[in-house]
Amino acid sequence: MGAISALLHEIIKDQQPPAQSGSKPVWRTTPWQGSTLAPILMDLLEGLNAPQQEAVKHGDGPLLIFAGAGSGKTRTLTRRVAHLIRERRVLPSRILAVTFTNKAAREMRERLEQLVGPQASRIWMGTFHAMCAQMLRISGHYIGIDARFVIFDTDDSTRLIKDILREENIDSDRYPPGRVLGRISDAKNNLRSPDDMTGTVKGPYERVVARLYAKYQERLRASRALDFDDLLGEAVRLLEASAEAREYWSERFLHILIDEFQDVNLAQFRWVQLLAQKHRNICVVGDDDQSIYAWRGANVKIILDFENTYTDAQVIRLEQNYRSTQNILDAAHGVISNNLGRKPKQLWTDIDAGVNLTLHGTTNASEEASWVVQQVRRLQRERDYNLADFAILCRVNAQSRPYEEAFMQARVPLKLVGTQRFYERKEIKDLIAYLKVLYNPYDNIALTRIINVPARGIGGVTIQKLDLAARESGRSMCDVILDESTADVVGGTARLKIASLRKLLQSLQNAAGEEVTIVGLLQKIIEETGYLQYLQQERTTESIDRTANVQEFLAAAALFDARLQAVPEATLSTLPEQPEEYGEAQRDEQAPFLGLFLESVTLDSEVEKAPGENSDAVTLMTLHSAKGLEFPIVFLVGMEQGLLPHARALWGEQAGADQLEEERRLCYVGLTRAREQVFLVYASQRTLYGRTEWTQPSQFLDEMPGQLLQRSGHAKLGATSARQSASDWDKPAANGSTFKPATSASATPPKFGVGDRLKHPSFGEGLVVSASAGGGPGEWVEVAFLAEGIGKKKLAVAYAPLEKVAD
DNA sequence: ATGCACGTACTTTTT
DNA sequence: GTACGTGCAT
């Protein structure tokens with residue numbers, strides 16, 4: 001569980017007896033299965049190739065490791081950390097190892113336990129967000145951050161933006177909350193304050209966003225809340241603004257290691273730089289070819305520029321692949337080598353060529369799905385594969401429906417990964433919101449979330465009044481509600497409702513003071529609010545699920561309690577190797593557990609699986625979720641123009657080479673997940689979002705060496721071979737014969753062109769001022785509407801109800 | 001204040 | 001196709 005699990009690890013491990021001194025050296029080549037108490041004295045260089053060994057042995061100073069897919073990255077990284085500890089005698093507590101996901105952090109910690117024993121728990125290891133949160137809880141006071149801050153997730157942030165839009169009377173159609181939040185997030189990731197943004201506004205739109213950003217920050221602070229981006233940004237601000245904090249923290253870690261470095265944003269990099277400024281022992285590991293999160297602020301340029309930023313950096317390339325057959329690697333390389341913005345490199349393997357990749361075309365998505373099921377069954381018959389050996393990778397979640405149907409029909413178990421996350425379910429978020437209010441009464445977002453859930457007759461108008469009263473008196477809404485003298489801003493029956501809410505809150509606050517377990521507190525909440533009855537009255541099918549989710553949540557909370565209570569309270573405020581600072585850290589007296597619990601649920605969405613849930617099944621997931629995983633057999637489905645590469649990268653508003661290159665990396669990530677065999681599948685006709693369109697096979701298929709592809713189904717017809725080299729696509733077409741969906745015989749022609757007159761039911765008549773090159777699902781037009789106050793709008797032709805008008 | 005009906009919009013999702 | 005949000009009626 002993120003920072004908390006890191007912390008718990010430290011706490012729990014400290015309870016265990018120290019490692020036996022004088023225990024026998026043990027040499028092992030297989031994963032170690034024994035007790036975690038004895039350090040394993042295996043040779044840390046054993047079984048590593050030359051560049052890997054070099055990476056492990058590298059001494060002081062910056063180190064950049066380009067670690068290709070399947071090149072033994074985690075292995076190298078963990079061995080390096082172990083080497084630092086065992087050979088170079090670096091105290092574990094003075095090593096910082098940062099990952100992007102909790103899963104990666106857990107995995108690394110487990111592996112390190114095998115290499116160095118229990119002292120692994122003392123390494124600062126976790127996600128950027130968790131590490132920054134921890135730093136801010138400890139030292140945030142230097143820059144005025146309350147140690148009891150709560151963390152807003154995206155949902156909380158969106159609610160806050162909506163509130164602000166409503167207050168500011170800004171049309172949320174012109175300023176969609178998600179978009180605004182995206183702009184704010186971009187700014188934060190690039191360490192730009194509201195003032196910075198205001199100073200450089202380019203137009204009226206940005207001016208409004210900058211104002212909203214300022215408001216948003218103001219409201220976050222008033223709620224004693226930090227959003228995800230703030231955790232990074234404020235940690236940077238802390239290190240920049242406070243010499244004392246900077247002094248301490250840059251002294252604290254002697255070695256810093258960053259995983260998935262291709263995905264860092266500026267804030268993250270800056271944070272690392274500040275921490276590493278003294279010793280410059282910064283080791284970064286990544287693969288520019290696997291950077292697929294640019295849309296979330298990741299900046300590949302940082303890894304590409306690392307050698308310029310640290311001119312003395314040693315650069316190591318891990319290009320030997322231990323996962324895939326040479327054919328798979330060749331196909332992958334054929335694709336990725338078309339990217340211009342990358343470091344030249346090429347994976348190779350000792351494993352033999354293996355079988356060809358299969359390219360199969362079908363008529364539509366449901367045929368595509370049933371063909372895949374058949375292949376799964378065939379392969380299972382021919383060789384003894386488990387279902388878990390198969391993965392179906394898609395570009396968008398919307399592709400999953402036909403698969404669910406086909407697998408259901410064929411009675412082959414199918415597991416959908418990463419669809420909806422546990423802590424994001426409404427019922428869970430409601431309960432968490434109750435906890436948040438109890439932990440931090442300033443959290444108005446949490447309060448408004450639960451103020452009328454379950455329904456207790458408090459509606460929008462009342463909430464507005466309370467909110468106004470709160471802000472006018474500079475207090476929290478919770479305060480206003482709890483204070484009888486101020487709550488009478490509302491009149492009539494609402495006053496009674498507020499009175500009973502007051503009683504509820506008071507009672508829960510008492511419970512929070514008395515209850516020593518999270519489960520106990522949650523049970524009180526559920527009981528006093530009648531939450532289960534509320535769930536049950538809703539609808540039968542869903543309410544069963546939701547009730548079960550609540551039970552699961554209680555179980556997770558109980559597990560948390562059990563872990564925490566296995567540990568004397570005193571250890572909570574004292575971490576190993578840590579001078580006073582920790583003791584002084586303002587940990588809450590009343591609710592230490594609550595704070596830890598809340599942090600773990602917002603920073604770590606991964607919920608521990610109940611045992612027995614690991615039944616054998618085929619996995620279906622997006623390419624994004626597949627990063628870092630591997631499967632013997634991989635199906636890349638929906639290999640079509642408009643899906644992979646996605647329409648938005650191809651024909652969308654900001655389509656461009658960068659976007660196309662990211663799609664290509666996505667394709668590359670997909671291919672390199674496979675150990676033995678890849679099936680590339682497409683459908684000539686696809687229904688997406690209720691609309692059926694003709695499709696073209698993906699241009700990326702043309703980038704794979706043709707002799708590696710075994711064609712079947714429609715692919716035998718050679719539909720893809722007519723196409724020119726797809727790299728022509730990156731540049732403007734040189735001549736008329738170059739393939740282009742807009743001009744290709746079978747692609748959907750665009751419905752509108754520049755200069756066309758059209759009509760929209762709500763905006764009225766307008767003139768097309770610019771338009772996408774192609775037709776089909778990605779077609780868009782920019783329309784200048786004639787009516788006053790509407791202005792120009794970009795519209796997706798597939799979705800907007802546009803009618804052509806004769807001029 | 002709540003419930004229903006219609007219209008509308010639509011990638012990816014580590015934290 | 002469906003989920004969500006707005007607007008209207010109760």
Side-chain angles (χ1 to χ4, degrees), chain A residues 2-3 98-105 126-133 151-155 157 162 171-173 176-178 182 185 189 226-232 259-260 262-265 267-268 290-298 393-399 401-402 417-421 423-424 426 452 455-463 492-494 497 599-606 621-628 638 642-650 652 659 662-663 665-666 669-670 687-692 760-762 777-778 795-796 798-801:
Chain A
V98 192
T99 62
F100 273 83
T101 66
N102 291 292
K103 199 175 148 211
T127 64
F128 275 102
H129 296 268
M131 298 296 93
C132 288
I151 299 165
F152 273 16
D153 64 17
T154 315
D155 181 59
S157 295
K162 282 185 191 159
D171 179 14
S172 59
D173 284 335
S185 179
N189 288 161
L226 301 181
D227 67 15
F228 284 142
D229 301 317
D230 279 342
L231 292 174
L232 311 169
D259 193 18
E260 305 279 14
Q262 76 279 358
D263 286 333
V264 296
N265 61 40
Q268 287 161 329
Q290 293 186 71
S291 166
I292 55 175
Y293 284 103
W295 51 275
R296 283 188 106 222
L393 308 183
C394 56
R395 176 69 241 261
V396 299
N397 289 122
Q399 285 172 259
R401 185 56 52 88
V417 168
T419 28
Q420 81 279 59
R421 273 173 301 175
Y423 292 125
E424 276 167 19
K426 184 192 171 297
N452 200 34
R456 48 175 77 94
I458 300 173
V461 181
T462 309
I463 296 172
T493 60
K497 314 277 190 191
E599 189 160 313
S600 87
V601 296
T602 59
L603 286 188
D604 187 358
S605 53
E606 202 81 28
M621 64 183 143
T622 63
L623 290 161
H624 283 92
S625 328
K627 192 171 82 161
L643 257 184
L644 185 67
H646 192 270
R648 280 175 116 100
L650 221 36
Q659 294 230 344
E662 179 138 321
E663 296 294 313
R665 292 192 288 265
L666 223 29
V669 166
T687 307
L688 222 47
Y689 310 125
R691 209 168 279 265
T692 306
H760 185 278
S762 44
L795 301 161
Y799 309 121

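Here is the naming used below: chain letters follow the sequence lines, and residue numbers restart at 1 for every chain. Side chains included, hydrogens not; waters and symmetry mates left out as well; all remaining heavy atoms used.
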Output a table of nitrogen or oxygen pairs between the protein and nucleotides 13-15 of chain B separated by less than 3.5 Å.
residue : atom : partner  : partner atom : Å
B:dT13  : OP1  : A:Thr622 : OG1          : 2.4
B:dT13  : OP1  : A:Ser625 : OG           : 3.4
B:dT13  : OP2  : A:Asn397 : OD1          : 3.3
B:dT13  : O2   : A:Arg296 : NE           : 2.8
B:dT13  : O2   : A:Arg296 : NH2          : 3.4
B:dT14  : OP2  : A:Arg421 : NE           : 3.3
B:dT14  : OP2  : A:Arg421 : NH1          : 3.1
B:dT14  : O5'  : A:Arg421 : NH1          : 3.1
B:dT15  : OP1  : A:Asn102 : N            : 3.2
B:dT15  : OP1  : A:Asn102 : ND2          : 2.9
B:dT15  : OP2  : A:Ser605 : OG           : 3.0
B:dT15  : O3'  : A:Leu603 : O            : 3.1
B:dT15  : O2   : A:His129 : NE2          : 3.4
B:dT15  : N3   : A:Arg296 : NH2          : 2.4
B:dT15  : O4   : A:Arg296 : NH2          : 2.2

Legend entry - A:Asp259 side chain to A:Phe100 backbone, donor-acceptor under 3.5 Å: no
Legend entry - Residue closer to the 5' end of DNA chain B, A:Gly459 versus A:Ala649 (nearest nucleotide): A:Gly459
Legend entry - Donor on one side chain, acceptor on other, A:Asp153 and A:Thr602, under 3.5 Å: no
Inset, instruction - Looking at every strand, decide which applies to A:Glu663 at a 4.0 Å heavy-atom threshold: base, sugar-phosphate, or nothing. - result: base
Legend entry - Atom pair distance, as rounded to whole Å: CZ in A:Arg665 and C1' in B:dT12: 13 Å
Inset, instruction - Check the distance between C:dC4's C1' and A:Lys426's NZ and give it to me in whole angstrom. - result: 14 Å
Legend entry - N or O in side chain of A:Lys497 less than 4.0 angstrom from B:dA1 OP1/OP2: no
Inset, instruction - Decide, applying a 5.5 Å centre-distance limit and a 30° plane-angle limit (both strict), whether A:His646 stacks on B:dT12. - result: no
Inset, instruction - Check the distance between C:dT2's C1' and A:Arg691's CZ and give it to me in whole angstrom. - result: 14 Å
Inset, instruction - Without swapping roles, check the side chain of A:Asp227 against the backbone of A:Ile151 for a donor-acceptor pair under 3.5 Å. - result: no
Inset, instruction - Using atom CG of A:Leu688 as one end and atom P of C:dT2 as the other, report the distance to the nearest whole Å. - result: 13 Å
Inset, instruction - May I ask you to decide if A:Gln659's main-chain N or O and A:Glu662's side chain share a donor-acceptor pair within less than 3.5 Å? - result: no
Legend entry - Given DNA chain B, 5'-ward residue of the pair A:Leu666 and A:Asn452, judged by closest heavy atom: A:Asn452
Inset, instruction - For A:Gly628, answer base if it contacts any base atom (sugar-phosphate contacts may also be present), sugar-phosphate if it contacts only those atoms, and nothing otherwise; contact means non-hydrogen atoms under 4.0 Å. - result: nothing
Legend entry - Main-chain N/O of A:Arg395 paired with A:His646 side-chain donor or acceptor, under 3.5 Å: no
Inset, instruction - Find the distance A:Asp173:CG to B:dA9:C1' and express it as a whole number of Å. - result: 10 Å
Inset, instruction - Tell me, with the steps shown, if A:Asn452 and A:Thr462 meet side chain to side chain contact (heavy atoms under 4.5 Å, CB included). - result: CA-CA 11 Å; A:Asn452 200 34; A:Thr462 309; over 6 Å; no
Inset, instruction - Give the minimum heavy-atom separation between A:Asp263 and A:Gln290, together with the two atoms involved. - result: OD1-O, 4.5 Å
Inset, instruction - Can you tell me the distance, in whole Å, between the CZ atom of A:Arg401 and the C1' atom of C:dA3? - result: 12 Å
